[in-house]
Student: 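Pasting in a structure now, in structure tokens, and then I'll have a few things to ask.
Throughout, protein chains are lettered first and strands after them, A, B, ... in sequence-line order, and every chain is numbered starting at 1.
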2 protein chains.
Amino acid sequence: MEGNIKRRNTQQRKVILDILRSTDIHPTADWIYERARQVIPNISLGTVYRNLKILKDEGLILELNDGKQSRFDGRIDEHFHFKCTSCNSIYDIDRQEIVQIDKERLGKEGYTVQGYEVVFTGICPKCNGNQN
Amino acid sequence: MEGNIKRRNTQQRKVILDILRSTDIHPTADWIYERARQVIPNISLGTVYRNLKILKDEGLILELNDGKQSRFDGRIDEHFHFKCTSCNSIYDIDRQEIVQIDKERLGKEGYTVQGYEVVFTGICPKCNGNQN
DNA sequence: TTAGCTGCAAACCCTTTGCGAGGCC
DNA sequence: GGCCTCGCAAAGGGTTTGCAGCTAA
């Protein structure tokens, strides 16, 4: 669609990416906005949202669904997440093996695993059929 | 908190649960609402949302985060999901082993896996410490 | 009887978008 | 100079909630 738009390296975009890369709390857009205002006092929330979308489209950050608010992740290597149902924090879980969920290991590290959700993304058989 | 509220078995709640159990498309609240209106013409969207929340709190259904809209799942046994990035459908993936992600198997079944997300839920070490 | 539940509609809140001005390449 | 991006503010869209009447137990 728009993969060949010439992106500018604006200060706003750099600041937002820096903020995201300097934290592991998987912040919301609003948290990033407050942080960004410490560097660019008159930055707008709309700009934060627009740049988060751009950064996501370029594969530089990830967007996590967390209820109705989105959270963003500056770490894009493959890793799992652990969401605390008590404080709603989201923790990074390093992958021990390629594709293996290790509940026991988490337990030893102090986590109490109540459940987990696995969501694959890709193209379904129906769409695969339609596409060729 | 409110685990001892005496729930009534209203027709609205029954209809909503029945609808959810009779489909595997992981519908949105609005879809359920439209279906429910075929049985209870003057049911309100607010009632649908309230009952979905109650059913979820009682562990009878699951809520899935799918962007800004929630989707609901009447199937509560452990299973994976596959979300098509082309048509946005969500498919149920039966678990082949206890906790093993089987990309190869999905490929053989016609799915093209582009990625997957694993989200654990539970209590984090920090909160575990605070709670005792 | 009575406390949970409903329909209605307004309120909420996060996110998106239109606009004219501004600035990176 | 071109056009991508900005700040501002209003609009959008899914979800929640206050209220008064209703109803299951």
Student: Which nucleotide in the list dC8(C), dC14(C), dT15(D) gets nearest to the side chain of Tyr49(B)?
Tutor: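 Looking only at side-chain atoms, Tyr49(B) lies closest to dT15(D).
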Student: Rounded to whole Å, how long is the line connecting atom CD1 of Ile5(A) with atom P of dC25(C)?
Tutor: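 In whole Å, dC25(C) P and Ile5(A) CD1 are 16 Å from each other.
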Student: State whether Lys68(A) places a side-chain N or O below 4.0 Å from either non-bridging phosphate oxygen (OP1 or OP2) of dG13(D).
Tutor: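 No.
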Student: Does dC4(D) have its OP1 or OP2 closer than 4.0 Å to a side-chain nitrogen or oxygen of Thr10(A)?
Tutor: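 No.
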Student: Given Arg13(B), which partner from the list Leu55(B), Leu52(B), Leu60(B) fulfils the side chain to side chain contact (heavy atoms under 4.5 Å, CB included) test?
Tutor: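 Of the listed options, the one satisfying the test is Leu55(B).
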Student: Identify the two heavy atoms, one from Val39(B) and one from Val15(B), that lie closest to each other, and give their separation to 0.1 Å.
Tutor: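 Distance-wise, the nearest heavy atoms are CG1-CG2, 3.9 Å.
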Student: Just N and O in the side chain of Gln11(B): are any of them under 4.0 Å from OP1 or OP2 of dC5(C)?
Tutor: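 Checking dC5(C) against Gln11(B), no side-chain N or O comes under 4.0 Å of OP1 or OP2.
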Student: For the pair Asp66(B) and Lys83(B), find out whether any cationic side-chain nitrogen is under 4.0 Å from an anionic carboxylate oxygen.
Tutor: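 Salt bridge flag = yes for Lys83(B) with Asp66(B).
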Student: Do Arg8(A) and dG23(C) share a donor-acceptor pair, side chain to base, under 3.5 Å?
Tutor: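 Result: at least one qualifying N/O pair found.
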Student: So what does Lys53(A) touch, heavy atoms closer than 4.0 Å: a base, only the sugar-phosphate, or nothing?
Tutor: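 Contact class for Lys53(A): none.
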Student: Nearest to the Asn42(A) side chain among dG7(D), dC5(C), dT16(D), which nucleotide is it?
Tutor: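 Nearest to the side chain of Asn42(A) among the choices is dG7(D).
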Student: Answer yes or no: side-chain N or O of Arg37(B) and base N or O of dG7(C) forming a donor-acceptor pair under 3.5 Å.
Tutor: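 No, the side chain and the base share no sub-3.5 Å donor-acceptor pair.
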Student: Once hydrogens and angles are ignored, does a donor-acceptor distance under 3.5 Å link the base of dG18(C) to the side chain of Arg50(A)?
Tutor: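 Flag set: donor-acceptor pair detected.
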Student: For Glu58(A), is there an ion pair with Arg7(A) - N to carboxylate O distance below 4.0 angstrom?
Tutor: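 So Arg7(A) pairs with Glu58(A) through a salt bridge.
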Student: Side-chain contact test, heavy atoms from C-beta onward, threshold under 4.5 Å: evaluate it for Val48(A) versus Gln12(A) and give yes or no.
Tutor: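 They are not in contact (no side-chain heavy atoms under 4.5 Å apart), so the answer is no.
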Student: Rounded to whole Å, how long is the line connecting atom CH2 of Trp31(A) with atom P of dC14(C)?
Tutor: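 That distance rounds to 17 Å.
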Student: Rounded to the nearest angstrom, tell me the gap between atom CD1 in Ile40(B) and atom C1' in dC5(C).
Tutor: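 After rounding, the gap between these two atoms is 12 Å.
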Student: Can you tell me if the side-chain N/O atoms of Thr47(A) get under 4.0 Å from OP1 or OP2 in dG7(D)?
Tutor: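 Looking at the OP1 and OP2 atoms of dG7(D), one of them is under 4.0 Å from a side-chain N or O of Thr47(A).
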Student: Closest approach to the side chain of Asn9(B), judged atom by atom: which nucleotide of dT15(D), dA25(D), dC6(D) is it?
Tutor: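 Closest nucleotide among those given: dA25(D).
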Student: OP1 or OP2 of dC14(C) less than 4.0 angstrom from a side-chain nitrogen or oxygen of Thr28(A), does that happen here?
Tutor: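 Negative; the distance criterion is not met.
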Student: Atom CG of Leu45(A) to atom P of dT15(C): distance rounded to whole Å?
Tutor: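 For the pair Leu45(A) CG and dT15(C) P, the rounded distance is 8 Å.
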Student: Of the nucleotides dC8(D), dC25(C), dG4(C), which one has an atom closest to the side chain of Ser44(A)?
Tutor: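 Of the options given, the side chain of Ser44(A) lies nearest dC8(D).
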Student: Taking 4.0 angstrom as the limit, do Arg75(A) and Asp77(A) come out as a salt bridge?
Tutor: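 Asp77(A) and Arg75(A): salt-bridged.
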Student: Just the rounded figure in Å: distance from P of dG14(D) to CZ of Arg71(B).
Tutor: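 That distance rounds to 13 Å.
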Student: Of Gln69(B) and Arg13(A), whose nearest nucleotide on DNA chain D comes first from the 5' end?
Tutor: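 Final value for this comparison: Arg13(A).
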Student: Could you check how far CG of Asp30(B) sits from P of dT15(D), rounded to whole Å?
Tutor: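 From Asp30(B) CG to dT15(D) P: 9 Å.
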Student: Can you tell me the distance, in whole Å, between the CD atom of Gln12(B) and the P atom of dC22(D)?
Tutor: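 Those two atoms, CD and P, are 14 Å apart.
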Student: Whole angstrom is fine here: how far is it from CD1 in Ile43(A) over to P in dG7(D)?
Tutor: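 Rounded to whole Å, this separation is 5 Å.
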